[in-house]
Amino acid sequence: QVQLVESGGGLVQAGGFLRLSCVASGRTFTVYSMGWFRQAPGKEREFVAGISWGGATTDYADSVKGRFTVSRDNAKNTVYLQMNSLKPEDTAVYYCAARRASLTLRIGAEYDYWGQGTQVTVSS
């Protein structure tokens with residue numbers, strides 16, 4: 001089992017920034033690729049960003065490319081999502097997820113563990 005706990009969400013004005021963190025516990029963090037997903041009210045969950053187990057490979061949704069950066073610190077069992085130039089359409093609950101080492105990062109159904117989520121609200 002892997003437990004994931006997100007933090008760092010909140011209310012921010014358009015153009016602002018937030019950094020989300022996700023701390024993992026329970027299993028060896030370094031064998032897991034990590035993903036960030038989000039779900040807005042009335043919409044399906046969507047992929048935001050992902051990072052491979054060693055951090056060498058990252059992937060981003062087109063809607064966030066150039067604004068968001070995913071990173072990880074394996075010594076701290078933590079993955080981060082730096083979100084800059086936030087837009088109202090970024091408003092959603094953000095979830096981190098873990099899957100056994102894979103370079104396929106976009107498919108939510110293939111992730112094994114999920115956090116509870118953290119709310120991000122961007123006001124216009």
Side-chain angles (χ1 to χ4, degrees):
Q1 284 284 354
V2 174
Q3 293 80 42
L4 302 172
V5 179
E6 303 98 334
S7 62
L11 173 64
V12 64
Q13 289 189 330
F17 63 91
L18 285 172
R19 189 176 81 155
L20 305 184
S21 300
C22 173
V23 179
S25 61
R27 290 273 186 172
T28 305
F29 182 64
T30 53
V31 304
Y32 288 91
S33 296
M34 303 295 295
W36 285 99
F37 294 78
R38 67 187 181 188
Q39 187 166 19
K43 294 187 176 181
E44 293 187 354
R45 183 182 63 196
E46 64 175 356
F47 169 77
V48 176
I51 187 166
S52 60
W53 61 96
T57 299
T58 57
D59 192 13
Y60 297 92
D62 288 344
S63 59
V64 307
K65 201 170 293 183
R67 299 188 298 123
F68 290 11
T69 302
V70 61
S71 62
R72 66 190 295 161
D73 184 339
N74 286 345
K76 296 182 178 180
N77 284 8
T78 303
V79 62
Y80 304 97
L81 185 66
Q82 178 69 41
M83 306 187 296
N84 298 330
S85 302
L86 282 162
K87 304 175 181 180
E89 51 264 45
D90 294 318
T91 295
V93 178
Y94 284 70
Y95 299 90
C96 73
R99 64 170 299 178
R100 293 285 294 185
S102 171
L103 296 180
T104 303
L105 302 171
R106 292 183 170 233
I107 304 173
E110 295 185 357
Y111 282 76
D112 302 303
Y113 304 102
W114 292 82
Q116 293 290 90
T118 185
Q119 177 70 48
V120 171
T121 303
V122 184
S123 62
S124 57

Looking at every heavy atom in both [X] and [Y], which two are closest together, and how far apart are they?
| X | Y | answer |
| --- | --- | --- |
| Thr28 | Tyr32 | O-CD1, 3.2 Å |
| Ala97 | Leu4 | CA-CD1, 3.8 Å |
| Ser52 | Ser33 | CA-OG, 3.6 Å |
| Leu81 | Tyr94 | CD2-CD2, 4.2 Å |
| Thr78 | Ser21 | CG2-CB, 4.3 Å |
| Leu105 | Phe37 | O-CZ, 4.0 Å |

After noting the C-alpha distance and the side-chain angles of Gln119 and Thr91, does the key distance pass the side-chain contact (heavy atoms from CB on, under 4.5 Å) rule?
CA-CA 8 Å; Gln119 177 70 48; Thr91 295; 4.0 Å; yes
For Asn84 and Phe17: C-alpha separation, side-chain torsions, deciding distance, then whether side-chain contact (heavy atoms from CB on, under 4.5 Å) applies.
CA-CA 4 Å; Asn84 298 330; Phe17 63 91; 3.4 Å; yes
[Y] reachable from [X] in the ILVMFWY side-chain graph, under 4.5 Å edges:
| X | Y | answer |
| --- | --- | --- |
| Phe68 | Val70 | yes |
| Val79 | Val23 | no |
| Tyr80 | Leu20 | no |

Ignoring hydrogens and geometry, is there a side-chain-to-backbone donor-acceptor pair from [X] to [Y] under 3.5 Å?
| X | Y | value |
| --- | --- | --- |
| Arg67 | Ser85 | yes |
| Gln82 | Arg19 | no |
| Tyr95 | Glu6 | no |

[atom1] of [X] to [atom2] of [Y]: how many Å apart, nearest 0.5 Å?
| X | Y | atom1 | atom2 | result |
| --- | --- | --- | --- | --- |
| Asn77 | Met34 | CG | CE | 9.5 Å |
| Ser25 | Gln1 | OG | CD | 10.0 Å |
| Phe29 | Lys76 | CZ | NZ | 12.5 Å |
| Ser102 | Ile107 | OG | CD1 | 8.0 Å |
| Arg72 | Thr30 | CZ | OG1 | 7.5 Å |
| Phe47 | Trp36 | CZ | CH2 | 12.5 Å |

What I'd like to find out is whether the side chain of Arg38 reaches to under 4.5 Å of the side chain of Val64, using heavy atoms alone.
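In contact.
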Just to verify, what does Ser123 make a side chain to side chain contact (heavy atoms under 4.5 Å, CB included) with, not counting sequence neighbours?
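With neighbours one apart ignored, the set is Leu11, Gln13.
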Using the side-chain hydrogen bond (donor to acceptor under 3.5 Å, both in side chains) rule, collect all pairs that involve residues 107-117, keeping only residues at least two apart or in two chains.
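For residues 107-117: Arg99-Glu110.
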Decide, yes or no, whether a salt bridge links Asp90 with Lys87 under the criterion of side-chain N to carboxylate O below 4.0 Å.
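Salt bridge flag = no for Lys87 with Asp90.
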So with a 6.0 Å cut-off around NZ of Lys43, is the heavy-atom count from everything else above 12?
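Check fails, neighbour count at 12 or below.
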